Q: 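Encoded as structure tokens, here's the structure I'll be asking about.
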Amino acid sequence: MVINYLAALGVLAVAFAVLMSTDGIHTRIGACKKFIAERFDSEAPDQFDMLGCLICQGLDQDDITSQALIQIIAGSDNSSSIIGWLMLRLMSSPASNRRLQAEIDDAIATGRVSSPAKDAKGRSGISPGRCARTCRLRGRPLRGMYLPSGTKIGWSTLAMQRLKKTFGPDAEMFRPERWFEASEEQLARINSTVDLVFSYGKWQCLGSRVA
């Protein structure tokens, strides 16, 4: 699913070309430029991915090259961290691991995905830190308390993702099935809570929509 997701963005091949270039950042930039140039070739087929969307929106080759580099550099640490976390959780959760393996095996057997996964087929951790804010000049009331001006207000991302009233009594467990079992109302609450890892308002991560 991770490979299919990245391939659907249209940046998987770009990322592979860049990461395989080990001679320095300039060589990596060159690899990215080469890949984008191939997409702008007059004989290149139309592709319905993120790069194709940017081309349709009228961005020129230089703009799209910059966008591709930003996506690769900005998301590399996050992607490697979440993939590593996912693999650890799967290895320590036999039931979830077996269910995922069964889903993959079934998809391969029915021809819905290739083995190994190919780019063409792909196209059809939570930070425990606190996000502090400073109370405005006039202060404000909050749940029966008055917060004077300059008060530092923070919230724990880790604690938010362990709320039992949102994720259920087994919130501490790695159990992906909760997304499939939740009611429509509960699912909306779960998803909105998970989205908070990107913060909110003017502090929201600029890459949240891509992620």
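In this text the structure is predicted, and so the values were computed from the model without any measurement.
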Q: Do the side chains of Val194 and Phe167 get nearer than 4.5 Å, heavy atoms only?
A: yes
Q: Does a sphere of radius 6.0 Å around CG in Asp46 hold more than 12 heavy atoms from other residues, nucleotides or ligands, not counting ones at 6.0 Å or beyond?
A: no
Q: Give, for atom CD1 of Ile64 and atom NZ of Lys33, the distance between the pair rounded to the nearest 0.5 Å.
A: 14.5 Å
Q: With clusters defined by side-chain heavy atoms of hydrophobic residues (ILVMFWY) lying less than 4.5 Å apart, directly or transitively, does Met173 cluster with Trp85?
A: no
Q: Do you know the tightest heavy-atom contact between Pro176 and Phe180?
A: O-CD1, 3.8 Å
Q: Which pair of heavy atoms, one from Ile55 and one from Phe40, lies closest together, and at what distance?
A: CG1-CZ, 4.0 Å
Q: Please find the pair of heavy atoms, one from Gly52 and one from Arg39, that lie closest to each other, and give the distance.
A: N-NH2, 3.5 Å
Q: Considering non-hydrogen atoms only, spot the tightest contact between Ala159 and Ser156 and give its length.
A: N-OG, 3.1 Å
Q: Roughly how far, to the nearest 0.5 Å, is OG of Ser96 from CE of Met91?
A: 13.5 Å
Q: If we ignore hydrogens and angles and just use 3.5 Å, is the side chain of Ser93 paired with the main-chain N or O of Leu90 as donor and acceptor?
A: no
Q: If we count only N and O atoms by modelled type, under 3.5 Å, do the side chains of Gln101 and Asp105 hold a donor and an acceptor together?
A: yes
Q: Got a second to check how far Trp179's CH2 is from Leu187's CG, nearest 0.5 Å?
A: 9.0 Å
Q: Would a 4.5 Å heavy-atom cut-off, applied to side chains only, mark Thr151 and Pro148 as touching?
A: yes
Q: Hey, what do you get for CE (Met160) to OG1 (Thr193), rounding to the nearest 0.5 Å?
A: 5.5 Å
Q: First locate atom CG of Asn191, then atom CZ of Arg189, and finally report the distance between them rounded to the nearest 0.5 Å.
A: 11.0 Å
Q: Membership question, hydrophobic clusters at under 4.5 Å side-chain separation (ILVMFWY): are Ile36 and Leu54 in the same one?
A: yes
Q: According to the salt bridge (Lys or Arg N to Asp or Glu O under 4.0 Å) rule, which pairs have a member within residues 165-177, sequence neighbours left out?
A: Arg99-Glu177, Arg162-Glu172, Asp170-Arg175, Asp170-Arg178, Arg175-Glu181
Q: To the nearest 0.5 angstrom, please state how far the CG atom of Leu86 sits from the CD1 atom of Ile83.
A: 8.0 Å
Q: Would Leu59 end up clustered with Phe35 when hydrophobic side chains under 4.5 Å apart are linked, directly or stepwise?
A: yes
Q: Hydrophobic clustering (ILVMFWY, side-chain heavy atoms < 4.5 Å, transitive) - are Leu100 and Ile108 grouped together?
A: yes
